[in-house]
Trainee: 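One structure, as structure tokens, below. Some questions next.
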Amino acid sequence: MKVLVVEDDPFVREMAVAGLEEAGFEIIDTASGSEALRLLQGGITLDALLTDVRLPGTSGWVVARAYRERFPDLPVLYVTGYAEQMQPVAGGIILSKPYRMAQVIGVLATWAA
């Protein structure tokens, strides 16, 4: 399962990438919403999206909506450390930071099945 990880905090991104790769997922990662949108325009294909909500360039909400336009059934997992107005795509799941990798892996594993 190929997962795009969009996270601007380098430590959190590295932790997520390492944990997901160790669990057997193929990972593409980026530090900004605008870069995630460039990847989409470049023709990226993936099986799931893991995105922070607050990102440089554009929000995780915008990133998810753009990816869902191209991939209507794409599973989306949002992570956030802020209590803010929630705007998830239909069926998107929101995890609060700090999260445990076991939570993320569990959600992605159910989508991969």
Side-chain angles (χ1 to χ4, degrees):
M1 176 176 220
K2 187 188 301 183
V3 180
L4 173 60
V5 175
V6 187
E7 171 61 61
D8 61 320
D9 182 307
F11 176 76
V12 175
R13 187 175 61 254
E14 289 173 18
M15 178 200 68
V17 168
L20 292 171
E21 286 179 339
E22 187 174 302
F25 295 96
E26 181 182 345
I27 304 302
I28 301 166
D29 66 286
T30 185
S32 74
S34 53
E35 178 59 26
L37 294 177
R38 279 193 291 278
L39 290 171
L40 180 63
Q41 292 169 348
I44 187 176
T45 60
L46 52 118
D47 302 304
L49 171 64
L50 169 63
T51 184
D52 191 1
V53 171
R54 289 194 174 182
L55 294 165
T58 192
S59 74
W61 308 124
V62 171
V63 169
R65 283 193 298 274
Y67 272 81
R68 275 287 185 83
E69 285 179 17
R70 169 148 328 123
F71 307 107
D73 299 322
L74 183 70
V76 177
L77 179 57
Y78 300 94
V79 292
T80 184
Y82 299 94
E84 56 189 74
Q85 182 180 0
M86 299 298 170
Q87 305 168 22
V89 293
I93 295 175
I94 301 170
L95 290 179
S96 295
K97 288 181 180 179
Y99 57 85
R100 294 183 330 232
M101 280 310 302
Q103 292 174 287
V104 172
I105 291 166
V107 169
L108 292 174
T110 62
W111 286 334

Trainee: Excluding sequence neighbours, so at least two apart, what forms side-chain contact (heavy atoms from CB on, under 4.5 Å) with Ala18?
Mentor: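 Not a single residue meets the side-chain contact (heavy atoms from CB on, under 4.5 Å) criterion with Ala18.
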Trainee: At their closest point, which heavy atom of Ile105 faces which heavy atom of Ala23, and how far apart are they?
Mentor: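 What the structure gives for the nearest pair is CD1-CB, 3.7 Å.
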Trainee: If you compare all heavy atoms of Ser32 against all heavy atoms of Pro56, which two are closest, and at what distance to 0.1 Å?
Mentor: CB-O, 3.4 Å
Trainee: Table please: side-chain donor-acceptor pairs of residues 91-98 below 3.5 Å, with sequence neighbours left out.
Mentor:
{"unit_1": "Lys97", "atom_1": "NZ", "unit_2": "Glu7", "atom_2": "OE1", "d": "2.9"}
{"unit_1": "Lys97", "atom_1": "NZ", "unit_2": "Glu7", "atom_2": "OE2", "d": "3.3"}
{"unit_1": "Lys97", "atom_1": "NZ", "unit_2": "Asp52", "atom_2": "OD2", "d": "3.1"}

Trainee: Using the side-chain contact (heavy atoms from CB on, under 4.5 Å) rule, take Met15 and Tyr99 through it: C-alpha gap first, then chi angles, then the decisive distance, then the call.
Mentor: CA-CA 11 Å; Met15 178 200 68; Tyr99 57 85; 3.9 Å; yes
Trainee: Say whether Leu77 and Val3 are linked into one hydrophobic cluster, either directly or through other cluster members, by side-chain heavy-atom distances under 4.5 angstrom.
Mentor: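 Cluster IDs for Leu77 and Val3 match.
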Trainee: Side-chain heavy atoms nearer than 4.5 Å, only ILVMFWY residues, links allowed to pass through others: does that put Met1 and Val79 together?
Mentor: yes
Trainee: Please check this pair: side chain of Arg54 against backbone of Gly81, looking for a donor-acceptor N/O pair closer than 3.5 Å.
Mentor: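 No, the answer is negative, given that no donor and acceptor are paired below the 3.5 Å cut-off.
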Trainee: What distance do Thr30 atom OG1 and Arg38 atom CZ have between them, rounded to the nearest 0.5 Å?
Mentor: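 The OG1 atom of Thr30 sits 7.5 Å away from the CZ atom of Arg38.
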Trainee: Is any side-chain heavy atom of Leu50 closer than 4.5 Å to a side-chain heavy atom of Leu20?
Mentor: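 Counting from C-beta outward, Leu50 and Leu20 do come under 4.5 Å.
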Trainee: Considering all heavy atoms of both residues, which atom of Phe25 and which atom of Leu108 are nearest to each other, and what is their separation?
Mentor: CZ-CB, 3.6 Å
Trainee: What are the two closest heavy atoms between Gln87 and Tyr78, and how far apart are they?
Mentor: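 So the minimum-distance heavy-atom pair works out to O-OH, 4.2 Å.
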Trainee: Give the cluster check for Val104 versus Val6: same hydrophobic cluster or not, with ILVMFWY residues linked at side-chain heavy-atom distances below 4.5 Å.
Mentor: no
Trainee: Let's go through Ile28 and Leu46 carefully: what are the C-alpha distance in whole Å and the side-chain angles of both, what is the deciding distance for side-chain contact (heavy atoms from CB on, under 4.5 Å) to 0.1 Å, and is it a yes or a no?
Mentor: CA-CA 9 Å; Ile28 301 166; Leu46 52 118; 5.5 Å; no
Trainee: With Arg70, which residues qualify under salt bridge (charged side-chain N to carboxylate O under 4.0 Å, His left out), at least two apart?
Mentor: none
Trainee: For Leu74, is there any backbone N or O sitting under 3.5 Å from a side-chain donor or acceptor partner on Arg68?
Mentor: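 Flag set: sc Arg68 to bb Leu74 pair under 3.5 Å.
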Trainee: Atom OG1 of Thr45 and atom CG of Leu40: how far apart are they, to the nearest 0.5 Å?
Mentor: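 Between atom OG1 of Thr45 and atom CG of Leu40 there are 11.0 Å.
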Trainee: Under 4.5 Å between any side-chain heavy atoms of Val76 and Tyr67, yes or no?
Mentor: no
Trainee: Give a yes or no answer on whether the side chain of Gln103 reaches the backbone of Arg100 with a donor-acceptor pair at less than 3.5 Å.
Mentor: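 It does hold such a pair.
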Trainee: Name all residues meeting the side-chain contact (heavy atoms from CB on, under 4.5 Å) criterion together with Thr58; count only those two or more places apart in sequence or in a different chain, and write none if there are none.
Mentor: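 Thr58: side-chain contact (heavy atoms from CB on, under 4.5 Å) contacts with Leu37, Val62, Val63.
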Trainee: Within the structure provided, determine whether Asp47 and Trp111 are in side-chain contact (heavy-atom separation under 4.5 Å).
Mentor: no
Trainee: For Gly60 and Thr51, which heavy atoms make the closest approach, and how far apart are they?
Mentor: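 Heavy atoms only, the tightest pair is CA-OG1, 3.6 Å.
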Trainee: Using the side-chain contact (heavy atoms from CB on, under 4.5 Å) criterion, which residues pair with Asp29? Sequence neighbours excluded.
Mentor: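 Scan of Asp29 (side-chain contact (heavy atoms from CB on, under 4.5 Å), adjacent residues dropped) gives Val5, Arg13, Val17, Ile27.
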Trainee: Not counting sequence neighbours, list each pair that qualifies as a salt bridge (Lys or Arg N to Asp or Glu O under 4.0 Å) and has a residue in residues 101-113.
Mentor: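 Qualifying pairs, neighbours excluded: none.
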